[in-house]
Amino acid sequence: MARPLEEELDALKQQSLLRRLREIESQPGTAMTYAGRQLINFSSNDYLGLAGEAFLRDAAKEAIDAYGVGATASRLVCGTLSPHVALEEKLAAFKRAEAALCFSSGYATALGTLGALAGKGDVIILDKLAHASLIDGARLSGAVLRVFPHNQVDKLESHLQWARKEHPQARILVVTESVFSMDGDRAPLAELVEVKDRYEALLLVDEAHAVGVVGPNGRGLAERLGLSQRVDIQMGTLSKALGVSGGYICGRRALIDWLINRARSFVYSTAPPPALAAAACAAVEFLESAAGEARRRRLWDNLKILATGLPPGLTPEKLQSAIVPVMLGEEAAALQASKMFYDNGFFIPAIRYPTVARGTARLRLTLSAAHFPEEIQAVTSALWELVR
Ligand SMILES: *Cc1c(COP(=O)(O)O)cnc(C)c1O
């Protein structure tokens, strides 16, 4: 007989792997209230500080007044409202793609898209550090799966060679992120594009942590490298730097039409609330503006302040995104460090197995354009304290 859940939970606790929810009592922003205490938040994905912005709230409120709260049906029935259409047009232009399609979450985007593009007899090749949503989507698709070591293009190429030989008729899909969610580093996109073209594979790049952060006006890494037209499937979320909620795919019109017909998480799910689409549209508009670009630059100024103050050894030598992993190794060490920061007034979560591999536990410190230089200096002092 299977062990009772209580015992399983207890085992997790013994291994420092138990997780629990924490109730945050404050507005989005760098100052947060948790358990009645004031903390400086270094854990959110609200990289530009947009989630609490008045102009996003206003966009959502106006849409609620005009369209109500719920979308009342799936997108294919009567759930496609004007804010959805406006957002998709805005996103396609922003990502310099023919068309875009929005989903209720990034997770649903990955599940629906991979399942629509690959099936039995096809091959999906993933970077080892690809996000859980991409792994789950790949598994659910029924395609043959292969994993290449993180960012190792030569290893990817061996898989491509194998796939072309063993599965000559297959659709081959290479899946990676542009900025990796738990490591903050970037994919070698130019090399990936070159190799996937040679094997006539399709490339899906998840820009969840690059949008709003990397490239002109935060258009992402593909645009930064001039590769937007060569990435077949551009994925992203509306829930991180854009400060709202939802996910999207950008690409050719035929890709979007195919997803409308075949992505199950799109077809069989109620459309996202129109107010969220309106708020996301306002967020993209902001990114395109001079004020948006200035905000993104402020994030990079903040990253510079952080980089100059960091103690050596714990963090990557070069910061390539707003995500700064503080590598600790043991699960218990990460928990203890997180507690130390908490006691000193900072909120920085410990990231453990199964989010990252066993023995690679870390703190995941994220920076925002909204942080004040003094807050950043305070957290670097605490990091030096941790080293001691
Ligand atoms: C957060 C994240 C997702 C999921 O997006 P949600 O909108 O939170 O569901 C997908 N991919 C990556 C790389 C992510 O970091």
Side-chain angles (χ1 to χ4, degrees), residues 19 21 28 43-48 50-51 56 84 87-88 91 95 100-115 117 124 126-141 147 150-151 173-187 189 192 203-215 218 220-222 231 233-250 259 263-266 269-273 276-277 279-280 283-284 320-325 349 351 354-356 362 364-368:
R19 302 166 180 216
L21 298 174
S43 72
S44 98
N45 300 316
D46 185 18
Y47 303 127
L48 297 175
L50 292 188
L56 287 201
H84 297 113
L87 171 61
E88 285 164 355
L91 269 174
K95 296 293 285 179
L101 190 68
C102 291
F103 294 70
S104 50
S105 71
Y107 188 87
T109 307
L111 245 52
T113 301
L114 289 169
L117 291 176
I124 300 181
L126 300 129
D127 184 285
K128 176 94 171 92
L129 295 188
H131 190 260
S133 60
L134 300 166
I135 297 169
D136 294 355
R139 284 194 182 140
L140 201 60
S141 75
V147 172
H150 179 50
N151 279 348
L173 197 54
V174 176
V175 174
T176 192
E177 294 174 30
S178 59
V179 165
F180 285 84
S181 59
M182 295 298 140
D183 291 68
D185 60 341
R186 299 182 184 185
L189 259 195
L192 291 171
L203 176 64
L204 181 153
V205 176
D206 184 352
E207 298 241 43
H209 296 278
V211 165
V213 175
V214 177
L221 184 62
V231 174
I233 305 130
Q234 298 200 64
M235 176 179 155
T237 69
L238 308 169
S239 41
K240 282 153 187 166
L242 289 169
V244 188
S245 196
Y248 67 82
I249 295 287
C250 288
L259 295 179
R264 296 174 64 85
S265 63
F266 177 87
S269 188
T270 298
L276 296 187
V284 177
Q320 297 182 291
S321 70
I323 301 161
V324 183
I351 306 293
T355 303
V356 295
R362 65 198 68 182
R364 178 180 183 268
L365 186 156
T366 52
L367 215 59
S368 159

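Each residue takes its place number in the sequence, starting with 1. Each ligand, and each atom within it, is numbered from 1 in the order the structure gives. The basis for the numbers below is simple: all heavy atoms, side chains too, and nothing from hydrogens, waters or symmetry mates.
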**Rounded distance [0.5 Å steps], NE2 in His131 versus OG in Ser181** = 5.0 Å
**Asked** Who passes side chain to side chain donor-acceptor pair (under 3.5 Å) against Ser269, sequence neighbours left out?
**Response** none
**Asked** Glu177: what forms a salt bridge (Lys or Arg N to Asp or Glu O under 4.0 Å) with it, not counting sequence neighbours?
**Response** none
**Asked** Can you find a side-chain donor-acceptor pair between His150 and Asp183 that sits under 3.5 Å?
**Response** no
**Request:** Could you please provide the protein residues found below 4.0 Å of ligand 1 on a heavy-atom basis, arranged by chain and number?
**Result:** Ser105, Gly106, Tyr107, His131, Ser133, Glu177, Ser181, Asp206, Ala208, His209, Thr237, Ser239, Lys240, Gly246
**Request:** Rounded to the nearest 0.5 Å, what's the gap from CG on Asn45 to CG on Leu242? Could you check?
**Result:** 12.0 Å
**Set of residues satisfying side chain to side chain donor-acceptor pair (under 3.5 Å) with respect to Asn151, sequence neighbours excluded** = none
